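Take a look at the structure below.
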Amino acid sequence: MPRFWLLKCEPDVYSIRDLERDGRTGWDSVRNYQVRNFMRDEMQAGDLGVFYHSNADPSGAAGVLRIVRPALPDPTQFDPKSEYHDPKSTREAPTWLMCEVEFVERFPEVVPLERLRVEPALAGMLILRKGNRLSVTPLEETEFEAIRALGAGRGKPASAKSSVESAGKSAGKSPVKSSAAPVPAGARRKSR
DNA sequence: GCCAACGTTGGC
DNA sequence: GCCAACGTTGGC
């Protein structure tokens with residue numbers, strides 16, 4: 001059973017269109033212990049994630065990605081020239097991890113935060129909680145499916161009661177562009 | 001650009 | 001191990 005995640009990134013830094021173009025990328029530069037532990041302990045290959053654009057116009061859910069490999073050493077920590085260099089980290093025991101992700105789909109339009117907020121199925125979602133700053137958060141399957149439905153334009157109006165039932169299984173037939181592109185080496189800010 | 005909320009740091 | 005100061009995030 002796959003798990004579900006929400007991954008935030010500023011689209012000025014790396015957007016869903018960049019991922020669509022690249023096919024795969026290393027979700028690097030995360031410098032938060034809680035997020036690192038998610039990647040180390042809970043994330044699994046095959047998990048699905050919502051790609052969320054933060055600090056954007058509009059901010060919101062932009063598409064879907066899949067976790068290819070969950071807990072790789074983040075190379076930026078070893079790069080003295082990187083903004084994310086961590087001199088205390090060693091290759092034997094890397095402090096920081098990243099995951100490799102692949103493109104699954106881009107929503108025709110970003111589902112704005114404003115829309116997510118009024119969706120009953122998303123009432124408990126971590127990212128909507130005030131003050132939450134984690135760049136990677138777990139999602140319930142119902143939350144993931146609700147966001148995916150909104151992204152596909154299949155969301156019920158915000159006023160509708162119970163929008164969960166309609167969010168059926170749609171996994172498994174994703175238009176994955178199976179690019180064999182390696183993980184880009186460039187140090188990119190995937191938020192912390 | 002403001003500012004609330006949070007994580008991290010460092011003095012003690 | 002407490003906690004104030006500081007830096008950062010991210011919506012608005």
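All figures in this text were calculated on a predicted structure; none of them were measured in a lab. No hydrogens, no waters, no symmetry mates; every other heavy atom, side chains included, goes into these values. Throughout, a chain's letter reflects where its sequence line sits, starting with A, and its residues are numbered from 1.
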Nearest-Å distance for atom pair [atom1]/[atom2], residues [X] and [N]:
X	N	atom1	atom2	answer
A:Glu114	C:dC12	CD	P	8 Å
A:Arg31	B:dC6	CZ	P	23 Å
A:Asn32	B:dA5	CG	P	19 Å
A:Gln34	B:dA5	CD	P	18 Å
A:His53	C:dC12	NE2	P	17 Å
A:Leu116	C:dC12	CG	P	11 Å
A:Leu134	C:dT8	CG	P	17 Å

Return no unless some side-chain N or O of A:Arg133 is found under 4.0 Å from OP1 or OP2 of C:dG7.
-> no

Considering only heavy atoms from C-beta outward, does the side chain of A:Leu65 approach that of A:Glu102 to under 4.5 Å?
-> no

With a 3.5 Å cut-off and no angle check, do the side chains of [X] and [Y] form a donor-acceptor pair?
X	Y	value
A:Asp79	A:Tyr84	no
A:Ser54	A:Glu10	no
A:Arg31	A:Thr76	yes

A:Tyr33 side-chain proximity, nearest of C:dC12, B:dT8, B:dA5 = B:dT8

Toward the 5' end of DNA chain B, by each residue's nearest nucleotide, A:Asn55 or A:Asn132 | A:Asn55

